[in-house]
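Here the structure comes first, spelled out in structure tokens, and everything after it is commentary.
Proteins get letters first, then strands, A, B, ... in listed order; numbering begins at 1 in each.
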Amino acid sequence: MAAKKAKLQEQFSEDAAKEGGSHSNAGSSIFQGVAIFVNGYTVPSADSLRRMMMLHGGVYHHYQTDKTTHIIASNLPNCKMKQLRTLKVVKPSWIVDSVREGRLLDYRHYLLYTSKAQARLNFGVGEVESSELVQVTKTSGENSNAASVSTTDVAERKQSLNATEPDFLSEFYSHSRLHHISTMGALFKQYVTQLREQSDGRFPGQERLQEWGRRSNSSYNVSSEKVIMHIDMDCFFVSVGLRDRPHLRGLPLAVTHAKGNATPAQQRKGVDRAFEMNYYRQKAELDTVPTMDETDSLSEIASCSYEARKCGVKNGMFLGTALKLCPNLKTIPYDFEGYKQVSHCLYNTVAAFTLDIEAVSCDEMFVDCTDVLQRSCTSPMQFASFLRHEIEDKTGCTASAGFGSNRLQARLATKKAKPNGQFHLEPSSVSVFMRDIVVEDLPGVGRNLASRLHTMGVRTCSDLQHFIQSQLQKEFGAKTGNALYGHCRGEDNQALNFGHQRKSVSAEVNYGIRFTNQEEAVVFIKQLAGEVSSRLRKVKLKGRCITLKLMVRAKEAPIETAKFLGHGVCDQVTRSSTLATAVADQDIIAREVLSILRQLPVRPSDLRGIGIQVTRLESDSMGNKFLDSFLIRGTRGGQEVGSSTAAQEESYPQSTVQATNEGSSLQSRATAHQAESSTVVQQEGCTSETGHAAKPQSQLMPHELCDLDEEVLAALPEDIRQEVLQTYRPNSSSQVQRDVVVTNLKSPTTEQVDTSLCSSMTADEVRALVKEWVSCEDMPQSCDVRMLADYLERQIASRNIDDMYIVVKCLYRYVNKKNSSVWQDAYQTIIKKVQDTMLVVYGATLKLQDSFKHDV
DNA sequence: ATCCTCCCCTAC
DNA sequence: TAAGGTAGGGGAGGAT
Ligand SMILES: Nc1ccn([C@H]2C[C@H](O)[C@@H](COP(=O)(O)OP(=O)(O)OP(=O)(O)O)O2)c(=O)n1
Ligand SMILES: [Mg+2]
Ligand SMILES: [Mg+2]
């Protein structure tokens, strides 16, 4: 690498020399003061750009240096984009156009900004600013300080509902269209599954269809070819809204939260809308989208009528942008109940003909019509007319349908049919039909892929067909390349998926997240964990892998976002943790997530979005439910879980240390201990490299319990089940090792990577406090018991077993010495919780003394 | 090779 | 003001 740089440097000097020499008077000096570095593949090539620079007074850097004024790129991978976010990354056409015009054009018209975080939500369209420009450099700095918004007006300060308010979650979800369409999508997938399970195999619709076909005396010539239908409601939300607003039919309309013509909102202080808008900026072809003013509405359009689409309005666009394109645009409010009703009716109507349905969303599905058509002797188009009329009659909303021999063709046919139409793409015309399809119309080709294809000079499927399979695979990856290769020829071998089972359950909120301290974040995360938990229970699932997703304000992004309570320009962070057993419990999920959060270096005030996802799902049968509640809450009183015989007593050489604390009785000064750190866990913890079992301690359970049947387990006598649970293993695929010494299991010095969110003390400090606590108090306070148990459980969740174990062992010693039954009960209470948590996280319990001897 | 984690992308 | 969710496919890159 160093060599490479050196070599490039050399070349650089040569170029500089040349530039200084022969060209100073030859070409123009358009690029005076400009030094570019070309990053990645460009059109024209880096070499031609270099020549242009040299010819017109600019400097070309072979390597990016701090003298580089502009980076030239056509297409940067995300990671690079992130690094370069604050630099001027400009499209090559800036150079080309400037040369053509003979003057230095404003580079800001050619910025290659894309923000993934932003883009995600714009559904591939829309919020892309064209010209209006912003100083990328300084303004944001000033505005970052805008947090110091005048504390003057208290009334103004009355923040509208943000995530610190207790009802925020339900309030937000009740208004979120994206939440509603996701939820409804899941609902109707489930509905189809349920209908299929309950089906008696009869389809009343088929007879009606047959009868209808007979009257219009047609007998369709059945072919054995598969016929796939795709059916989708026309501008769904708008259509539903129009049912009781017939006077608005024919007008350009949009469904949004905002009113459109309302009084222009006053500008919030500290907002640098232009900064954020820079990230929306897109490729040249989208420069047609008009500029937004500071007060234009950033409310998103869920759905717009076809009249509005004529002006260029799209679903997902900001209302402000849309109004620029279509000043007559009228808005309609949401009607989530209505959407659900109409969806229901849509699904019922189709289901009367066949249950070979793959639900796509609340307004859309694939149907394998092969059987229906054969049995009712009708053609696809006849079936579609019949079906679409019925849907319109029943719901007052129109749908469009497309047919083809695979799902790709059906989809494209629907697109062609819209609105309120139908189209059958017959096998014989596929190849001609495909030629003119633009690549962005292919499913799976969104903003990004489209832009990558465009820079390769590919706009239509016919262009794409020129590439051989291996080229596409090399460029886009094996599967994606393969799919592209087939799709541009109208081929799609992906079968419809009727039975459907979920692979993940999640809840996230990237709106209204404004915390001032850690506590607020914790409270909110607990609520979100509750949301995930209840969703899991609703579908009788639980999962082993828990993932926390954060959106964190980008370093250079202003604190105030352009959109009110929006997330602004963010970095995303995802971290997951895998448990020994599948769970659905709110507290466990919250604990895991909080443990992850504590290890991430994020300031609570920079959080802009939070999500929790659960994967590796297993079904949550009755048996499991029992097991779960057993694991979580425990059902037996103060009984010891351990079955160990000979846990050797570790000895902790003493040394005294001062700790200063005050407050609860568990806080005072105390003696700290030093300890050797090896935590003995019964049963193997995982495949840690400490494979050498230090001591084949005591008895072991017979094995191969990885697939143990929960129902059987639940039926076992209590004590036997206990033993089984002790051996319940975390990682069913790993080779079994028994009684492994888990030393520094996860991260050797996890002690605290800590960050802004961690308030925990060191193990030594805790131990000291515990000693003080036990020796000074006659009777343990329940709040202190709980506090200690919480601490220990948190350590387990953080895989901080060693620290936790030390504290537990010490606690045992102190309590043993105390010889007090209330203290022993307190100890048992704590141990119970610890062992339960151990089981969930590690699938194993700690090996501990199971009785008090008093003497030591 | 195959798996896992951490992303990114796409779709509605 | 504004309500920027959620599930699934897949790739890169490291561990096994
Ligand atoms: N960015 C988007 C896209 C869609 N939706 C909602 C509103 C739509 O009405 C519904 C269905 O999405 P479609 O893609 O089917 O779009 P429409 O039904 O509105 O129009 P079309 O006639 O093109 O199907 O999902 C949304 O809220 N935001
Ligand atoms: Mg639709
Ligand atoms: Mg749709």
Residues 471-484 of chain A side chain polar contacts: donor-acceptor under 3.5 Å, at least two apart:
residue	atom	partner	partner atom	Å
A:Gln471	OE1	A:Ile468	N	3.0
A:Gln473	NE2	A:Ala478	O	3.2
A:Asn482	OD1	A:Gln469	NE2	2.1

Under 4.0 Å between a side-chain N or O of [X] and OP1 or OP2 of [N]?
X        : N     : value
A:Lys563 : C:dA2 : no
A:Thr561 : C:dA2 : no
A:Lys503 : C:dG9 : yes

Considering only [options], which nucleotide approaches the side chain of [X] most closely?
X        : options              : result
A:Asn510 : C:dT6, C:dG5, B:dA11 : C:dG5
A:His179 : C:dA3, B:dT10, C:dT6 : C:dT6
A:Phe172 : C:dG11, C:dG5, C:dA2 : C:dG5
A:Ile181 : C:dG5, C:dG4, B:dT5  : C:dG5
A:Phe564 : B:dC4, C:dA2, C:dG4  : C:dA2
A:Thr480 : C:dA2, C:dG11, C:dT6 : C:dG11

Please tabulate, for the side chains in residues 338-347 of chain A, all donor-acceptor contacts under 3.5 angstrom to protein atoms that are two or more places apart in sequence or on a different chain.
residue	atom	partner	partner atom	Å
A:Tyr339	OH	A:Asp335	N	3.0
A:Ser343	OG	A:Tyr339	O	2.9
A:Ser343	OG	A:Cys362	O	2.8
A:Tyr347	OH	A:Ser361	O	2.7
A:Tyr347	OH	A:Glu364	O	3.1

Given the options A:Leu607, A:Ile513, A:Thr164, A:Phe524 meets side chain to side chain contact (heavy atoms under 4.5 Å, CB included) only with A:Ile513
Would you call A:His180 stacked on C:dG5, i.e. ring centres under 5.5 Å apart with the planes less than 30° off parallel?
no
Compare the ring of A:His257 with the six-membered ring in the base of C:dA2 and state whether they stack (centres under 5.5 Å, planes under 30°).
no
Between A:Asp234 and A:Ser239, is any side-chain donor less than 3.5 angstrom from a side-chain acceptor?
no
